[in-house]
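Just below is one structure, and these are the notes that go with it.
These numbers come from the heavy atoms of this one structure, side chains and all, not from hydrogens, waters or symmetry mates.
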Amino acid sequence: MIKRFILLLIALPTLVGCYDQERNCTDFKTGKFEFETYLNGEVVKTTFTRNDTLEIDFYQGQADSSNIRWINDCEYIAEKINPSSMIDHKAIHFKILTTKENTYTFEYALVGETKKQKGTVTKIE
């Protein structure tokens, strides 16, 4: 019984290590991206371009710009440059959770909020 327990303790880190999620966040710091989500029962698509300090979103023919401040390779804060409402005055914290080929999964929330939402982005350029 003790031998099995010791064997399990030795094997467990090896087995868990096989399931590490890929996180090549620096591949997604800049470029042109596409994001799809459900809004009022419909799939809507947003495209955006991002460099180290600026993100420009294009949604339904309108452009909206945000300043970007990277916390580390996988997390950044976005603040609207010209907020049009009280909610737009609040910064949003983004965290890349996993990456795979030309996509990444992320979570985001208003800075200071605990309720997070998730999404997936595809890099198109």
Side-chain angles (χ1 to χ4, degrees):
M1 182 71 165
I2 292 176
K3 287 181 182 180
R4 285 185 182 172
F5 180 72
I6 292 172
L7 182 61
L8 180 62
L9 284 177
I10 293 169
L12 189 59
T14 304
L15 294 173
V16 172
C18 295
Y19 294 102
D20 284 343
Q21 295 289 332
E22 183 178 337
R23 277 182 76 182
N24 297 322
C25 300
T26 55
D27 294 347
F28 297 95
K29 279 186 139 179
T30 62
K32 187 172 182 180
F33 305 89
E34 188 174 83
F35 172 65
E36 289 184 352
T37 189
Y38 285 97
L39 185 64
N40 299 326
E42 293 182 34
V43 176
V44 293
K45 187 184 299 185
T46 301
T47 58
F48 60 96
T49 303
R50 181 171 58 227
N51 66 28
D52 284 340
T53 60
L54 182 67
E55 183 172 286
I56 303 171
D57 299 303
F58 301 95
Y59 175 69
Q60 294 184 338
Q62 302 250 349
D64 198 4
S65 302
S66 299
N67 286 317
I68 301 296
R69 181 174 44 89
W70 287 92
I71 299 169
N72 59 47
D73 285 343
C74 295
E75 297 179 66
Y76 67 93
I77 304 291
E79 295 182 86
K80 299 274 186 194
I81 293 174
N82 295 308
S84 58
S85 66
M86 288 304 292
I87 195 76
D88 284 346
H89 282 275
K90 294 188 175 195
I92 302 174
H93 177 240
F94 290 87
K95 181 178 183 180
I96 298 174
L97 302 173
T98 62
T99 63
K100 185 177 181 181
E101 297 172 4
N102 66 331
T103 64
Y104 68 86
T105 302
F106 68 101
E107 67 180 17
Y108 63 100
L110 294 173
V111 171
E113 297 289 326
T114 56
K115 183 179 178 187
K116 296 180 170 115
Q117 296 183 13
K118 288 187 178 182
T120 301
V121 168
T122 302
K123 187 172 187 176
I124 54 179
E125 286 181 22

Val44 and Tyr59: side-chain contact (heavy atoms from CB on, under 4.5 Å), yes or no, with the steps?
-> CA-CA 9 Å; Val44 293; Tyr59 175 69; 3.9 Å; yes
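- Contact check for Phe28 versus Thr99: side-chain heavy atoms found under the 4.5 Å cut-off.
- Rounded to the nearest 0.5 Å, atoms OG1 (Thr53) and CG (Asn67) are 7.0 Å apart.
- Note that CZ of Phe33 is 9.0 Å distant from CD1 of Ile124, once rounded to the nearest 0.5 Å.
- The salt bridge (charged side-chain N to carboxylate O under 4.0 Å, His left out) contacts involving residues 26-39 comprise Lys29-Asp73, Glu34-Lys45, Glu36-Lys45, where partners must be two or more places apart or lie in separate chains.
- For Phe35, the ring pair (Phe, Tyr, Trp, His ring centres under 6.0 Å) criterion is met by Phe106, not counting sequence neighbours.
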CA sep, side-chain torsions, deciding dist, call: Thr30, Asp52, side-chain contact (heavy atoms from CB on, under 4.5 Å) | CA-CA 6 Å; Thr30 62; Asp52 284 340; 3.8 Å; yes
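- Residues Leu110 and Ile87 form a side-chain contact, since some pair of their non-hydrogen atoms from C-beta on lies under 4.5 Å apart.
- Heavy-atom minimum distance, Arg23 versus Thr98: CG-CA, 4.1 Å.
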Worked check of side-chain contact (heavy atoms from CB on, under 4.5 Å) between Ile96 and Val121 | CA-CA 10 Å; Ile96 298 174; Val121 168; over 6 Å; no
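- Residues Trp70 and Asn51 share a closest heavy-atom pair of NE1-O, 4.3 Å.
- Note: Ile92 CD1 to Ile77 CD1 = 9.5 Å, rounded to the nearest 0.5 Å.
- For the residue pair Lys80 and Asp88, the shortest heavy atom distance occurs at CG-O, 3.5 Å.
- Placement of Ile56 and Ile68 in two distinct hydrophobic clusters is found when ILVMFWY residues are connected by side-chain heavy-atom separations under 4.5 Å, directly or transitively.
- No side-chain heavy atom of Glu79 sits less than 4.5 Å from a side-chain heavy atom of Ser66.
- Between Thr49 and Phe58 the shortest side-chain heavy-atom distance falls below 4.5 Å.
- One finds the NE2 atom of His93 at 9.0 Å from the CZ atom of Arg69 (value rounded to the nearest 0.5 Å).
- Counted within 6.0 Å of CG on Asn82, heavy atoms from surrounding residues, nucleotides or ligands total 12 or fewer; the atom is thus considered open.
- Rounded to the nearest 0.5 angstrom, Tyr76 OH and Cys25 SG are separated by 11.0 Å.
- Atom NZ of Lys123 and atom OG1 of Thr103 lie 12.0 Å apart (nearest 0.5 Å).
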